[in-house]
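Below: the structure, in C-alpha cells.
Computed from a predicted model, the values in this text were never measured in an experiment.
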Amino acid sequence: MDHDYLKELNEAQRQAVINTEGPALVIAGAGAGKTRVLTYRIAHLLNKGVPAGKILALTFTNKAAREMKDRICRLVDPEAARYLWMGTFHSIFARILRLEGSRLGFRQNFTIYDSSDSRSLIRTIIREQNLDDNIYKPGVIASRISTAKNNLVTAGIYATDAGMQEHDKASRMPLMAEIYKIYSARCFKANAMDFDDLLLYTNILFRDFPDVLEHYQEKFRYVLVDEYQDTNYSQYLIVKKLAAAHNNICVVGDDAQSIYSFRGARIENILEFQNDYADYRLFKLEQNYRSTQTIVDAANAVISNNEGQIRKKVFSENEHGEKIQVIQSMTDSEEGFNISSDIFDKRFSLRLNWSDFAILYRTNAQSRIFEETLRRKNIPYKIYGGLSFYERKEIKDILSYFRMAINPEDEEALKRVINYPKRGIGDTTIQKLLELSISSNVSAWKILAGHSFQVFNAGTAKKLEGFTALVNQLRTGLDNTDAFSKAREIAMASGIMKELREGTSPEEVSRYENLEELLNGIKVFTESAETNGEPSTLEAYMASVALLTDQDNEKEEDRDKVTLMTMHSAKGLEFKHIYIAGMEDTLFPSPLSAANPRELEEERRLFYVALTRAEKMATLSYALNRYKWGNLERSNPSRFLLELDQRFLDYPQTGGRPFQGKRPEASRQAITTAESRPLVPSPRFKKFGNSQGNPAAPERASGSVDYSIGDRVNHERFGNGTIASLEGQPPNTTATVEFENHGSKKLLLRFAKLKKLL
C-alpha cells in the first residue's frame, strides 16, 4: 500500500503515527504538529484496513473535528473515512445516549439545554421556592451544579454529602441541594439534558448497564483523544472505560498548555497516564515549526520552573529571530499608548497587515485602554471571544444609569435599569408603564415624575416611587460634581457595585473588574479635564465616550484588524507579532493564584501558551503604576518576566540595556498619559517612530522637567505664569501657578503639559 504521506512527517511524528497498537501518549510541544499526528495516525489506521466504524476520535471543538476529517479525506479514499466516529465529547456521547438513553428513562428525542436554558429553569425554581435571587444567584447555582456533575456527583449524592452541605451553609445557600434536586427532576420530566448531563448520564449508562459498555468497548477498537490535558474527571472516566477492552488508546496533548482548571480540567489525567497504562509508549514531538528559536528558547526557560510536568526540550530550526522586546510604562494608559504606537510603526515599516498583530491580556477588563488607544490612531481591531468593553452588560448597565441621570427621558436607558439591580418591578409593570406613555403621549419618565400611578396597585406604585426617588437623587449636583465622583456615587447608590462585588463565580468577578476599569477610565478623564481647564462633568465624559462606543460600520468582521483577546482565548492560535500586556505581579500571575503553588504553575503555563502564539516577534509589557478603583497604585514586574533569561530580551527604551533598579519617582519622571498629550510616542521610547514613521523628538513637557518655585512656565490654555508652590509626591505632584491673564490655578503635573520658559 502506498504510504507516501508518511514522508511528509519528521521522524518523531512518523513514529507516533505508525505505532498504532497499545496505549500511546503523544506529548506535543507548542507548534509541533499535534493535529497533524492525530490526523495521520487515523489515516494510517484506515490504510491498514481498520474499518472507520471501529475508530473513535474525540476532540474539544467541532471546528477541530471538521478540519481533521477534511485532512483525512485528502489522505485516504473519502468513502473509507465515511463512518468514522469523530467529534466533540458532547456530540459523540449525545449520539450514544440517543441510541441507549431509554435504559435511563429518556426518550430518543430528548432536548439538550444550553446554558441560557439551564439558567432560565434555575431562575424559575428560585422564584417558585420564594428564595432571594441576590443570595441564590442563578449563575452561581448553575456553576455549582456543573462542577458537581463533572465530578459525577448526582443530586442524590450531593444531598447526602456533609462537606457540600457545610459549604452551602457557609455560602448562605443551605437549600442548594434542594434546588439541584428539583432542577434534575424538572429536566428529566421535560425529557431534557444539559451539556454536563451528556457526560454524567454516559457514565451512569456504562456503570449500570455492563452490556452497553461491552458493546461500545468492542465497537471502538481504537480510541484517540485530542487535547487530553483539558479533560475533566467525567471525560477521563468514560475514555478509560471505553479503552479497557483493547487498550488501543492514543492521547495527544501538552501538559505545558493545561490552562483550564477553572472549567474542571485535570492536568493529572495526562501526567498520570503512565499509571493507568503501565505498558504505554511515550512519543515526544519537540520540534516547533511556528516560532523563532529565540521565542522557543525563552518559553522553555519559563516553563522549566514548573515541577508538575513531563520534561521535554522543544526546539526550533527556524531563523534565530529578534529578541523579545520588553516595554516599561509609567501607567496602564501609557502602556496602551506605547503598544498601539509600536503596532502602528511596525505595520508600516515592515509592510505587514493589521491582522498580523495580537494583544493578549490576563483579564477582559484590560481591553478598554487598548480599544481607546487603537481608536485614537485609527487602527482597526476586533475583540476575539468576547464583546467590546463598552458592549459588556455590566458596562451598558452603569452607562444607562449615567444616561438616566443626565437625561431621564431616555426610554432605552430607563427600560434597562428600572429593575436592575432587581427591585421587584416586573415585565408586566414595565409594559403597562410604556403603554401608558404611548396613550398619554408623554415620556415614561414624566409619568413616573408626576406620580401618575393610578393603573398600578399600591405595592407596585411604591416600588415605582422608590425608583423615581433614586433617579432624582442621582441627578442631584450633576453640574457641579466631577465625573469620577458622580460616577462612583451612581455605582454605589444604584446598587450595581454591591451586586457585582458580592459575586463569586469567575464571570461575576470579571464583571466587577470591568466596573473597576470603567471607573479608572473616568478618573483619568476627570484629572485630565480639570488640569486643562476643560469640563470635567459626567455629561462631558458621556459626550466623549459616545464617540468610542459607536459601532464600526465595517461588516467584514474578520477583515484586516488587530486582534484583542485574553490569553486563555489565544490557545490554538498564532500571529506574527504578539504583545503580552500587564506583565505585573499584581495582575499576572493572578493575585488569587500567587500564594498557591498548584495555581501558580497553571498561571506559568498560561504565560507559556501566550508566548508561544508568536511566530516572528513577542513583546512583553508592564506598567509601574496601574489604576485600582480610581487610585494609582504601584506595580512590580511579573515574576514570569524575571524568570526569562536576559539573553533573549531587548529593552528598546534604554538602547537594549536592562532597566536598572526602580524607575525614578521624582517630578522629572512625572506620569504622562495617552489621554493628555499629543499622539506621538513617549520620549523614553526612542526606538519607535511617530505616526509618520519618523523618529520621535523629545518633548519638554511637564513629566520631563524639574520644577522649582518661581519658575516661569507656559500652559497652552492659560498662557504664561509663575509657579507659586509645589505640593505632594509623584505621581500626584501639583503646582499652583499664578497666570498673567487667568489668575491662580492648581494643576496636576502629570496632566498639565506645562512648558518651562528658559
Side-chain angles (χ1 to χ4, degrees), residues 28-35 59-61 63-64 67 226-227 229-230 253-263 265 288-292 295-296 298-300 302-303 314 324-325 335-336 339-340 342-343 352-371 374 381-389 506 510 557-558 560-584 587-590 593 602-622 638 640-641 644:
K34 166 183 64 67
T35 304
T59 66
F60 272 85
T61 66
K63 180 183 176 185
E67 290 178 351
D226 191 17
E227 304 285 11
Q229 77 281 348
D230 293 337
D254 182 6
D255 55 288
Q257 297 187 65
S258 179
I259 60 174
Y260 294 122
S261 66
F262 65 94
R263 295 181 187 168
N288 180 301
Y289 289 93
R290 175 189 302 146
S291 307
T292 65
I295 291 169
V296 170
N300 286 343
V302 171
I303 204 64
V314 180
I324 295 169
Q325 290 186 337
E335 177 185 49
I339 289 178
S340 299
D342 194 34
I343 290 174
L352 298 170
N353 297 316
W354 295 122
S355 57
D356 292 328
F357 300 92
I359 303 173
L360 311 184
Y361 35 77
R362 181 63 181 83
T363 68
N364 277 310
Q366 290 171 263
S367 78
R368 178 191 66 84
I369 286 172
F370 298 110
E371 289 189 63
L374 290 169
Y381 69 89
K382 62 182 177 182
I383 303 287
Y384 184 95
L387 293 170
S388 164
F389 182 86
S510 177
E557 287 301 319
D558 294 324
D560 188 20
K561 296 181 179 180
V562 175
T563 299
L564 306 183
M565 63 172 65
T566 64
M567 299 178 205
H568 282 98
S569 297
K571 187 171 179 290
L573 303 176
E574 56 189 45
F575 299 87
K576 287 184 179 177
H577 290 258
I578 288 287
Y579 294 81
I580 304 177
M583 292 291 298
E584 299 139 38
L587 187 59
F588 186 45
S590 162
S593 305
E602 176 150 333
E603 291 282 291
R604 188 176 285 112
R605 292 194 295 269
L606 183 58
F607 179 46
Y608 176 86
V609 167
L611 189 55
T612 54
R613 298 310 94 199
E615 297 176 16
K616 298 294 185 182
M617 177 175 268
T619 300
L620 310 178
S621 171
Y622 66 93
S638 169
F640 301 150
L641 190 58
L644 287 164

Would you say the side-chain atoms of [X] pair up with the backbone N or O of [Y], donor to acceptor, closer than 3.5 Å?
{"X": "Asp230", "Y": "Ala265", "value": "no"}
{"X": "His568", "Y": "Tyr260", "value": "no"}
{"X": "Glu603", "Y": "Ser593", "value": "no"}
{"X": "Glu335", "Y": "Ala581", "value": "no"}
{"X": "Arg290", "Y": "Thr612", "value": "yes"}

Heavy-atom pair of closest approach, residues [X] and [Y]:
{"X": "Ala256", "Y": "Ile303", "value": "CB-CG1, 4.0 Å"}
{"X": "Gly572", "Y": "Arg613", "value": "N-NH1, 3.4 Å"}
{"X": "Tyr622", "Y": "Met583", "value": "CB-O, 3.1 Å"}
{"X": "Tyr384", "Y": "Ser569", "value": "CE2-O, 3.7 Å"}
{"X": "Val296", "Y": "Ser291", "value": "CG2-CB, 3.9 Å"}
{"X": "Ser367", "Y": "Tyr361", "value": "CB-OH, 3.4 Å"}

Item to complete: Let me see the working for Glu371 and Tyr381 under side chain to side chain donor-acceptor pair (under 3.5 Å), right down to the final yes or no.
Response: CA-CA 8 Å; Glu371 289 189 63; Tyr381 69 89; 2.9 Å; yes
Less than 4.5 Å apart, any side-chain heavy atom of [X] and any of [Y]?
{"X": "Thr566", "Y": "Asn364", "value": "yes"}
{"X": "Leu360", "Y": "Met565", "value": "yes"}
{"X": "Thr59", "Y": "Glu227", "value": "no"}
{"X": "Lys34", "Y": "Asp254", "value": "no"}
{"X": "Asp356", "Y": "Lys616", "value": "no"}
{"X": "Ile580", "Y": "Met567", "value": "yes"}
{"X": "Phe640", "Y": "Leu620", "value": "no"}
{"X": "Leu587", "Y": "Gln366", "value": "yes"}

Discussion item. What verdict does the side-chain contact (heavy atoms from CB on, under 4.5 Å) test give for Leu611 and Ile324, after you've listed the backbone C-alpha separation in whole Å, the side-chain angles of each residue and the deciding distance to 0.1 Å?
Written reply: CA-CA 10 Å; Leu611 189 55; Ile324 295 169; 4.1 Å; yes
Discussion item. Would Thr619 and Tyr579 count as a side-chain contact (heavy atoms from CB on, under 4.5 Å) here? Give the steps.
Written reply: CA-CA 5 Å; Thr619 300; Tyr579 294 81; 3.5 Å; yes
Item to complete: Start with the C-alpha gap between Leu644 and Phe607, add the side-chain angles, then the distance that decides, and say whether side-chain contact (heavy atoms from CB on, under 4.5 Å) holds.
Response: CA-CA 11 Å; Leu644 287 164; Phe607 179 46; 4.3 Å; yes
Worksheet item: Are Arg605 and Glu602 within salt-bridge range, i.e. N to O under 4.0 Å?
Response: yes
Got a second to check how far [X]'s [atom1] is from [Y]'s [atom2], nearest 0.5 Å?
{"X": "Asp560", "Y": "Leu352", "atom1": "CG", "atom2": "CG", "value": "10.0 Å"}
{"X": "His577", "Y": "Ile343", "atom1": "NE2", "atom2": "CD1", "value": "10.0 Å"}
{"X": "Ile295", "Y": "Ile578", "atom1": "CD1", "atom2": "CD1", "value": "9.0 Å"}
{"X": "Asn353", "Y": "Phe575", "atom1": "CG", "atom2": "CZ", "value": "12.5 Å"}

Discussion item. Applying side-chain contact (heavy atoms from CB on, under 4.5 Å) to Thr35 and Glu67, what does each step give before you reach the verdict?
Written reply: CA-CA 9 Å; Thr35 304; Glu67 290 178 351; 6.0 Å; no
Discussion item. Is it the case that atom NZ in Lys571 sees more than 12 heavy atoms from other parts of the structure closer than 6.0 Å?
Written reply: yes
